[in-house]
Amino acid sequence: MRILTIELLGSGDLVAMAQCIAIDAEAFPYASAQFGMRYASSRVWVAREGLDAPVAGFLAARVRRELLHVEGVAVDPGVRRRGLGRALVREMVEHARALRLRAVQLHVSVTNGAAIALYEAEGFVIRRRLADFYPRSAFGETHALEMMRLF
């Protein structure tokens, strides 16, 4: 039986931090989050497939006013399509609710159909399309969607 764990990244867990950075580098053409720079408003959740397993995915976010803004979500390519991304999103949403925030906000490339489908399935709605949000070198397409989940 597979044991999936989701937990907040500890500030002293340098091994998990390095694993997040490696997953981030594989998923994005730029650093999506500052794993080593800790702010009181920062949150990073990590997913593992087992109690002592390496980090298999992360979700990085920051509280800004009454919003939790997602900075990056990524899952190791070798373990995608197993529900880790969905579990990370659900944990983050519950955290935002517990903080009594107004909403969760994120930006996603218009080319990332899998992520858009996941977010919509988890209650996010497209608020607007952002022209020239990303540099062309990032995803080959510059447009992004701003998505929100209101509470």
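Nothing fancy with the numbering, it's 1 onward along the sequence.
Under a 4.0 Å N-O distance rule, the pair D13/R48 qualifies as a salt bridge.
You'll find the side chain of D76 stays beyond 4.5 Å of the side chain of E26, heavy atoms only. Side chains of V89 and L118 form a contact here, defined as non-hydrogen atoms less than 4.5 Å apart. I23 places none of its side-chain heavy atoms less than 4.5 Å from the side chain of V75. Taking the side chain as every heavy atom from C-beta outward, L9 and R43 never approach each other to under 4.5 Å. Looking at heavy atoms from C-beta onward, V104 lies out of side-chain contact with M148 at the 4.5 angstrom threshold. Side-chain contact check for T142 versus F133: every heavy-atom pair is 4.5 Å or farther apart. Side-chain contact between R90 and H95: absent, with no pair of heavy atoms (C-beta onward) separated by less than 4.5 Å. Within the 4.5 Å cutoff, the side chain of R65 has no heavy atoms near those of the L101 side chain.
Under the 4.5 Å side-chain heavy-atom criterion for grouping Ile, Leu, Val, Met, Phe, Trp and Tyr, F28 is not connected to M147 through any hydrophobic cluster. Hydrophobic clustering (side-chain heavy atoms under 4.5 Å, transitive across Ile, Leu, Val, Met, Phe, Trp, Tyr) groups V70 together with V110. The cluster map of Ile, Leu, Val, Met, Phe, Trp and Tyr, joined by side-chain heavy atoms under 4.5 Å apart, puts M92 and L99 in the same cluster. Hydrophobic cluster membership differs between Y30 and V108, with clusters built from Ile, Leu, Val, Met, Phe, Trp and Tyr side chains linked at under 4.5 angstrom. In this structure, I126 is a member of the same hydrophobic cluster as Y119, with clusters built from ILVMFWY side-chain heavy atoms closer than 4.5 Å.
In this view, R129 satisfies the salt bridge (Lys or Arg N to Asp or Glu O under 4.0 Å) rule with no residue, not counting sequence neighbours. The side chain to side chain contact (heavy atoms under 4.5 Å, CB included) check on A31 picks up D24, with sequence neighbours excluded. Under the salt bridge (Lys or Arg N to Asp or Glu O under 4.0 Å) criterion, E71 pairs with R62, R64, sequence neighbours left out. Residues forming a side chain to side chain contact (heavy atoms under 4.5 Å, CB included) with A61 (at least two apart in sequence, or on another chain): W45, L59, L68. Under the salt bridge (Lys or Arg N to Asp or Glu O under 4.0 Å) criterion, R102 pairs with E66, not counting sequence neighbours.
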### Task
In sequence, state the C-alpha distance, the side-chain angles, and the governing distance for L84 and V79, and then conclude on side-chain contact (heavy atoms from CB on, under 4.5 Å).
CA-CA 8 Å; L84 277 73; V79 294; 4.3 Å; yes
### Task
Given side-chain contact (heavy atoms from CB on, under 4.5 Å), test R149 with V125 step by step and report yes or no.
CA-CA 6 Å; R149 170 138 182 207; V125 295; over 6 Å; no
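The two residues Y134 and H143 have their closest heavy-atom pair at CD1-O, 3.9 Å. The heavy-atom pair separating P54 from Q19 by the smallest distance is CB-NE2, 3.5 Å. Annotation for A87 and L4: closest pair CB-CD2, 3.7 Å, computed over non-hydrogen atoms. The two residues V55 and C20 have their closest heavy-atom pair at CG1-SG, 4.0 Å. Taking every heavy atom of both residues into account, A96 and F151 meet most closely at CB-CE1, 3.7 Å. The two residues A60 and A33 make their nearest non-hydrogen contact at CB-CB, 3.4 Å.
Distance check, rounded to the nearest 0.5 Å: CZ of F124 to CG of L150 gives 10.0 Å. In this structure, CG on L145 lies 4.5 Å from CD1 on I116, to the nearest 0.5 angstrom. Taken to the nearest 0.5 Å, the CZ atom of R82 stands 4.5 Å off from the CD atom of E49. The distance from atom CD1 of I6 to atom CZ of F58, rounded to the nearest 0.5 Å, is 12.5 Å.
A side-chain hydrogen bond (donor to acceptor under 3.5 Å, both in side chains) check over residues 103-112, counting only residues at least two apart or in different chains, returns the pairs H69-Q105, Q105-E146, S109-T111.
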